[in-house]
Amino acid sequence: MTLHRITLRDGADLDGFRKAVRRLVHEELAPQHVVFDVEAAPDLFGGEAAGEASPISLPRSLSEMIGRVVCHRDPERYALLYQLVWRVLNGERELLDIATDPLVHRLELMARAVRRDLHKMHAFVRFRRIRDAELERFAAWFEPEHFILEAAAPFFVDRFRSLDWTILTPIGSAHWDRDKLTYGPPARREDAPAEDEFEDSWRGYYESVFNPARVNPVAMRAEMPKKYWRNMPEAVAIPGLIQTASQRVERMIEQEATMPAKRTPERALEAMWDQEPKTLEELNAIIAKAGPLVPGATQAVFGEGPAHADIAFVGEQPGDQEDLQGRPFVGPAGKLLTRALTEAGIDRSHTYLTNAVKHFKFEQRGHRRIHSKPTTGEVKHYRPWLMKELELVRPKLVVALGATALLALTGKATPITRSRGRAKFGAWEGYVTVHPSYLLRLPDEETKREAYAAFLADLRRIHDLALADPDTGELPLAAE
Amino acid sequence: MKELPVDEKLAKKLRILADAAKYDASCASSGAPKRKADPDGLGSTTGAGICHAYTPDGRCVSLLKILLTNYCLFDCAYCVNRRSSNVKRAKFSVDEVVTLTIEFYKRNYIEGLFLSSGIIRSPDYTMEQMLLVVKKLRRDHGFRGYVHLKSIPEASPWLIEEAGLWADRLSINLELPTEASLGRLAPEKDGASIEGAMAQMHERILESKQERRHFSPAGQSTQMIVGADDTTDADVLRTSAKLYGHYDMRRVYYSAFSPIPDSSSVLPLKPPPLMRENRLYQADWLLRYYGFDVDEIASGGEKGMLDLEVDPKLAWALKNRHLFPVDVNVAEREMLLRVPGLGARAVDKIVVARKHTTLRLEDVARLTSGLKRARPFLITADHHPQGRLDRLDLRETLVEKPEQLSLFA
């Protein structure tokens with residue numbers, strides 16, 4: 001039987017190889033009857049009309065290996081790949097699982113070499129800005145070992161999408177114009193700019209991060225072989241750094257410990273720990289500056305009421321109205337709370353009202369902004385501020401309105417039904433009840449009335465509890 | 001935006017503040033979710049991390065690793081930037097760091113920024129300045145490259161909450177493995193606040209992963225200095241095991257204490273114990289990927305110190321010869337992982353390949369470069385170590401001639 005000759009395009013001709021494989025498999029031509037050649041401008045299939053044979057299904061790991069290995073410089077790559085394909089299609093479907101098979105092993109080494117070359121290209125390309133370009137335009141000269149330009153280029157698109165750049169290599173060039181990626185002919189080193197204004201400072205950085213006490217050029221060369229050095233502006237520093245390393249270390253070791261030239265900055269040291277906000281205004285300024293955790297809120301809604309109020313009420317998060325007005329508990333639930341407080345004999349203006357979360361989080365539905373519940377992580381994000389806030393207010397009693405407030409005050413998620421009533425939040429005397437918005441959500445009037453009565457009973461108890469003994473600071477019901 | 005030329009003053013600052021940051025061993029740019037640049041933004045992350053250069057100490061240059069300033073109010077004896085040191089001082093402005101990061105990034109020198117700082121004015125003030133840099137990068141420049149922020153455990157907890165929203169990785173360096181050393185060598189630091197901040201970050205990282213929000217998606221890491229105090233390797237590893245277990249550290253870095261310019265009188269002035277550092281990294285791997293516990297690893301050495309002549313897995317195997325030889329064609333994965341010279345990847349390939357074929361010694365040789373060490377502990381279809389395991393000189397035959405790790409080792 002005569003040898004069948006396949007001629008493929010120079011470089012990584014994945015498409016040509018795929019077509020050839022389909023045809024060869026279709027015609028049942030075993031590897032020993034096929035020769036692969038490479039030419040700059042091939043006649044497809046040695047002059048035969050290149051009819052499309054139907055696709056064949058290959059295991060994914062094999063397709064991936066083909067995609068890598070066709071980029072390899074080894075002229076035998078296509079022949080080796082075809083041997084592998086042939087064996088996989090002829091009874092050895094799981095051949096790639098056998099990493100110890102000599103053919104699989106050899107191709108795996110080739111694939112690995114290509115992956116490494118790709119990785120090094122992504123790492124070692126150095127762009128230089130094209131001078132006098134009105135737009136920011138960059139160009140780089142790089143010499144890859146294998147035919148990887150087209151495989152490597154998409155990485156640079158993902159990364160430098162807003163820049164105009166060109167990568168020039170001896171095997172072709174790639175150009176990105178902020179819209180399209182195009183490939184061009186091979187280039188020469190002189191086609192790229194010869195310098196860049198940031199290279200001196202980059203080299204300075206490179207020299208400074210080197211630790212002469214750990215000099216180990218072998219390890220460096222293993223990862224950054226010499227062949228790359230001529231296209232890396234920092235590499236000119238390498239010989240000097242290695243040569244002077246031992247002197248530099250000897251000097252450090254010989255040099256005796258010196259006396260501090262400056263006196264200890266006593267006052268600065270004292271002032272250093274005095275960093276906590278001292279007033280609610282200072283704390284609120286910090287919260288305002290941080291901005292909302294979930295975008296959308298108009299403003300941060302801070303706590304309201306006198307510092308050192310007897311009772312601090314902690315709600316969930318501001319709602320639509322609160323977000324617009326910048327005040328807590330002014331929406332429907334706030335109005336209900338105010339009414340209940342009055343009925344329970346508590347003057348709202350003498351209490352401190354705040355929320356666990358300081359920004360409104362919502363879903364936009366048409367014109368309406370529908371409240372969406374803060375997640376555990378979000379509640380905890382705001383928690384350090386709430387703790388500081390309470391530290392500044394120093395209430396006698398802290399009231400958790402609803403489960404979110406309870407989570408914020410304890411750091412743990414617990415259902416309200418199980419913890420309703422008196423509680424301890426760390427060092428704080430506390431009380432747990434429902435959030436007034438819960439009362440608004442109840443479906444029928446009867447349950448609503450009952451729930452409101454229970455809420456009112458809680459508030460009355462809260463009122464009593466807060467009447468602490470002015471001398472001992474003890475709460476009247478503490479003995480319960 | 002008109003780009004600022006790098007004037008000499010800025011270049012000088014860069015040298016000082018890069019030099020001041022180089023004793024932090026962490027260089028990774030891995031673990032971030034895959035991101036691409038927006039049409040008018042800059043930067044991407046691939047997940048795996050990229051080393052853009054290597055310096056002649058063999059270390060990788062991945063991120064622009066700098067301090068915002070090396071002025072510092074703290075006085076940690078091991079640190080080149082302690083307040084009592086006479087090193088040259090400098091401070092970047094927020095805009096200077098942003099410019100350097102963006103311009104270096106555009107030229108493909110770096111994967112992103114690793115920003116740390118000496119403590120100036122107060123921990124809160126310092127942390128706020130660092131946050132300004134990251135926010136400016138992310139908001140004003142649409143920067144989607146990697147950012148590693150050093151958290152300051154003494155700063156208020158809400159600043160750590162904020163840092164995680166902008167950074168890909170957060171880290172706090174424990175630096176000294178025991179509370180006693182910390183008290184003696186780093187008087188301003190406090191083990192409890194360091195662990196408190198690590199716990200806070202850990203909790204938030206877990207929650208945000210569940211809630212699919214961004215909070216330090218590449219996790220947290222830390223570093224311990226080796227050789228500045230008299231802690232044993234076993235105690236260092238015990239601390240590591242705790243850090244991995246309690247706070248799910250992505251990495252614990254070990255940094256051999258290295259002579260620094262203008263060093264403190266309380267610390268040893270000697271070449272860094274590079275081999276010890278190397279053995280600790282190997283032991284760390286055994287802890288995380290090979291199913292060893294600290295006591296097993298420590299048992300391979302003497303008096304809590306690892307064997308410097310052979311790697312810790314080989315050291316352990318030499319003292320546990322009764323468990324070998326192991327047959328590659330039938331042994332459990334867990335036991336194969338304990339064979340010296342076989343890495344986790346080689347073991348995985350063995351386990352898959354042996355379902356289809358019977359492995360011979362030359363097959364194993366294709367999968368590992370450590371066959372010499374593996375041979376006495378392995379059985380293959382065509383190989384049995386026979387009495388070799390019982391030979392008294394087995395250890396000597398396996399000790400590698402010491403590689404030249406350093407000109408001064």
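The analysis underlying the following values was restricted to heavy atoms, covering all of them including side chains, and did not include hydrogens, waters or symmetry mates. What you see is a predicted model, and the numbers here were worked out from it, not measured in a lab. We name chains A, B, ... by the order of the sequence lines, and we start the count at 1 in each one.
What you find for B:L73 and A:L269 is that their closest heavy atoms are O-CD2, 3.3 Å. For A:P102 against B:R366, the heavy-atom pair with the smallest separation is CG-NH2, 3.6 Å. The shortest non-hydrogen separation linking A:S201 to B:F104 is OG-CE1, 3.7 Å. What you find for A:K289 and B:K135 is that their closest heavy atoms are O-NZ, 4.2 Å. Contact between B:H52 and A:R159 at its shortest, heavy atoms only, is NE2-NH1, 4.0 Å. Taking both residues in full, the closest heavy atoms of B:N86 and A:M259 are given as ND2-O, 2.9 Å, listed atom of the first, atom of the second, then distance.
Contact count versus chain A (heavy atoms, under 4.5 Å) is highest, among B:K12, B:K22, B:E162, for B:K22. Ranked by non-hydrogen atom pairs under 4.5 Å with chain A, the options B:V364, B:I350, B:I260, B:L159 are led by B:I260. With chain A as partner, the option from B:E111, B:E362, B:R354 having the largest number of non-hydrogen pairs under 4.5 angstrom is B:E111. Taking chain A as the reference chain and counting heavy-atom pairs below 4.5 Å, the highest number among B:A37, B:S208, B:G58 is found for B:A37. Heavy-atom pairs under 4.5 Å with chain A were tallied for B:A365, B:P272, B:P39, B:P157; the largest tally goes to B:P39. Interface remark: of the candidates A:K120, A:M252, A:E254, A:M252 forms the most heavy-atom pairs closer than 4.5 Å to chain B. Chosen from A:R251, A:H119, A:R221, the residue pairing most often with chain B at heavy-atom distances under 4.5 Å is A:H119. Interface remark: of the candidates B:R82, B:R83, B:Q210, B:R83 forms the most heavy-atom pairs closer than 4.5 Å to chain A. Of the residues considered (A:P277, A:P217, A:G204), A:G204 shows the highest number of contacts with chain B, using heavy-atom pairs under 4.5 Å. Counting heavy-atom pairs closer than 4.5 Å to chain B, the top-ranked of the candidates A:R263, A:E378, A:R178 is A:E378.
Proximity of B:N108 to A:F156: side-chain heavy atoms (C-beta onward) are separated by under 4.5 Å at one or more points. No side-chain heavy atom of A:R161 sits less than 4.5 Å from a side-chain heavy atom of B:L42. When side chains are defined from C-beta on, A:F155 counts as touching B:I50, because their heavy atoms get closer than 4.5 Å. Two residues are said to be in side-chain contact when any heavy atoms from C-beta on lie closer than 4.5 Å; A:W273 and B:P123 meet this criterion. The closest side-chain heavy-atom distance from B:I110 to A:W202 is below 4.5 Å. Taking the side chain as every heavy atom from C-beta outward, A:M272 and B:F74 approach each other to under 4.5 Å. Contact check for A:D97 versus B:V352: side-chain heavy atoms found under the 4.5 Å cut-off. In this structure the side chain of B:L367 reaches within 4.5 angstrom of the side chain of A:T100, judged on heavy atoms.
Put simply, CG on A:L241 and OG1 on B:T55 are 8.5 Å apart, with the number rounded to the nearest 0.5 Å. The distance from the OH atom of B:Y109 to the CZ atom of A:F127 is 11.0 Å, given to the nearest 0.5 Å. Taking NE2 of A:H122 as the reference point, atom SG of B:C51 lies at 14.5 Å (rounded to 0.5 Å). Taking CG of B:L206 as the start and OG1 of A:T376 as the end, the distance is 12.0 Å to the nearest 0.5 Å. To the nearest 0.5 Å, atom NE2 of residue B:H356 and atom CG of residue A:L96 are 10.5 Å apart.
The local environment of CZ in B:R345 is sparse, with at most 12 non-hydrogen atoms from other residues, nucleotides or ligands closer than 6.0 Å. Counted within 6.0 Å of NZ on A:K278, heavy atoms from surrounding residues, nucleotides or ligands total more than 12; the atom is thus considered enclosed.
Contact annotation for B:S85: neither backbone nor side-chain heavy atoms come within less than 4.5 Å of a heavy atom of chain A. Heavy-atom distances place the side chain of B:E203, and not its backbone, under 4.5 Å from chain A. Neither the backbone nor the side chain of B:D75 comes within less than 4.5 Å of any heavy atom in chain A. Neither the backbone nor the side chain of A:E92 comes within contact range of chain B; no heavy atom of the residue lies under 4.5 Å from a heavy atom of that chain. Interface residue B:L359: only side-chain heavy atoms are found under 4.5 Å from chain A. Proximity to chain A (any heavy atom under 4.5 Å) is shown, for B:R360, by neither the backbone nor the side chain. In this structure, chain B has a heavy atom under 4.5 Å from the side chain of A:L293, while its backbone stays farther away. For a residue to count as touching a neighbouring chain, one of its non-hydrogen atoms must lie under 4.5 Å from one of that chain's; by this rule A:E199 touches chain B with backbone and side chain alike. In this structure, chain B has a heavy atom under 4.5 Å from the side chain of A:L163, while its backbone stays farther away. Contact annotation for B:A155: only backbone heavy atoms (N, CA, C, O) come within less than 4.5 Å of a heavy atom of chain A. For B:E128, the part lying near chain A is the side chain, with the backbone staying farther off; criterion is any non-hydrogen pair under 4.5 Å. Only the side chain of A:I286 has a heavy atom closer than 4.5 Å to any heavy atom of chain B. Contact of A:M387 with chain B is not made at all, since no heavy-atom distance falls under 4.5 Å. Neither the backbone nor the side chain of A:Y228 comes within contact range of chain B, judged by heavy atoms closer than 4.5 Å. Within the 4.5 angstrom heavy-atom criterion, only side-chain atoms of B:I119, from C-beta onward, approach chain A.
Listed for the A:Y206 side chain is a donor-acceptor partner under 3.5 Å among the backbone atoms of B:Y54. Judged by distance alone, with hydrogens and angles left aside, the side-chain atoms of B:E211 form a donor-acceptor pair with the main-chain N or O of A:G377 at under 3.5 Å. Side chain of A:Q275 to main chain of B:S122: no donor-acceptor pair is present (N/O by atom type, distance under 3.5 Å, no hydrogens or angles).
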| query | Between A:E276 and B:S156, does a side-chain contact (heavy atoms from CB on, under 4.5 Å) hold up when you go through it step by step? | reply | CA-CA 8 Å; A:E276 301 266 306; B:S156 297; 3.5 Å; yes

| message | Between A:H381 and B:L165, does the side-chain contact (heavy atoms from CB on, under 4.5 Å) criterion hold? Intermediate values first, please. | response | CA-CA 10 Å; A:H381 172 84; B:L165 305 180; 3.7 Å; yes

| message | Run A:Y205 and B:V61 through side-chain contact (heavy atoms from CB on, under 4.5 Å) and show every step you take. | response | CA-CA 10 Å; A:Y205 173 75; B:V61 181; 3.8 Å; yes

| message | Between A:T375 and B:R213, is the side-chain contact (heavy atoms from CB on, under 4.5 Å) condition met? List the steps. | response | CA-CA 10 Å; A:T375 64; B:R213 291 187 303 118; 4.0 Å; yes

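Using modelled atom types and a 3.5 Å distance limit, the side chains of B:S258 and A:N211 yield a donor-acceptor pair.
For the pair B:R107 and A:D196, the salt-bridge criterion is met [side-chain N within less than 4.0 Å of a carboxylate O]. In this structure, A:E223 does not pair ionically with B:R59, as no charged nitrogen and carboxylate oxygen lie closer than 4.0 Å.
Checked options B:E161, B:Q200, B:E207; the residue passing with A:K380 is B:E207 (criterion: side chain to side chain donor-acceptor pair (under 3.5 Å)).
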